[in-house]
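The structure appears right after this line, and notes come after that.
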Amino acid sequence: MREFLYVDDLADALVFLMQHYSGPVPVNIGSGEEASIADLARQVAEVVGFKGALRFDPSKPDGAPRKLLDVSLLSKLGWHAETPLAEGLKKAYAWYLENALPA
């Protein structure tokens with residue numbers, strides 16, 4: 001399981017913290033939601049139009065089982081991520097198509 005945060009949400013959180021927080025405790029910035037790598041792969045395949053089969057090799061090491069930040073302090077301050085994973089993937093892919101491909 002992994003947590004993903006759309007870059008515009010990160011920028012928004014940083015501005016929010018500069019305006020509303022000056023404490024000594026570090027603040028985690030995250031979406032507070034997690035997705036499996038398989039779910040991420042399926043969502044990416046859908047966004048880019050991939051019609052092939054996805055195969056996973058469960059015999060390979062998979063790292064830490066979960067990587068989810070504790071965003072409770074940020075939530076108490078009144079901020080939360082606005083962009084769901086599926087929407088963030090669509091926006092990122094649209095940007096890629098417009099900017100990263102050779103003309």
ask   = Shortest non-hydrogen contact from Leu5 to Gly30?
value =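 Heavy atoms only, the tightest pair is CD1-C, 4.0 Å.
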Can you hop from [X] to [Y] via hydrophobic side chains spaced under 4.5 Å?
X: Phe50; Y: Leu89; value: yes
X: Val47; Y: Ile37; value: no
X: Tyr6; Y: Leu85; value: no

Any chance you could measure [X], atom [atom1], to [Y], atom [atom2], to the nearest 0.5 Å?
X: Glu34; Y: Leu40; atom1: CD; atom2: CG; answer: 13.0 Å
X: Leu68; Y: Ser31; atom1: CG; atom2: OG; answer: 7.0 Å
X: Gln43; Y: Glu87; atom1: CD; atom2: CD; answer: 12.0 Å

task = Tell me, please, which residues at least two apart from Lys67 pass salt bridge (Lys or Arg N to Asp or Glu O under 4.0 Å).
result = none
Could you list the donor-acceptor pairs under 3.5 angstrom formed by side chains in residues 13-29, with sequence neighbours left out?
residue : atom : partner : partner atom : Å
His20   : ND1  : Phe16   : O            : 2.9
Tyr21   : OH   : Val25   : N            : 3.3
Tyr21   : OH   : Val25   : O            : 2.7
Asn28   : ND2  : Asp70   : O            : 3.1

query = Taking only residues at least two apart or on different chains, which pairs with a member in residues 39-50 satisfy salt bridge (Lys or Arg N to Asp or Glu O under 4.0 Å)?
reply = none
query = Does the side chain to side chain contact (heavy atoms under 4.5 Å, CB included) test come out yes or no for Leu97 and Tyr93, once each step is laid out?
reply = CA-CA 6 Å; Leu97 291 176; Tyr93 187 57; 3.5 Å; yes
message = Can a donor-acceptor pair be found, under 3.5 Å and without considering hydrogens, that links the side chain of Asp9 to the backbone of Thr83?
response = yes
ask   = Step by step, would you call Leu69 with Glu3 a side chain to side chain contact (heavy atoms under 4.5 Å, CB included)?
value = CA-CA 8 Å; Leu69 294 173; Glu3 179 176 16; 3.4 Å; yes
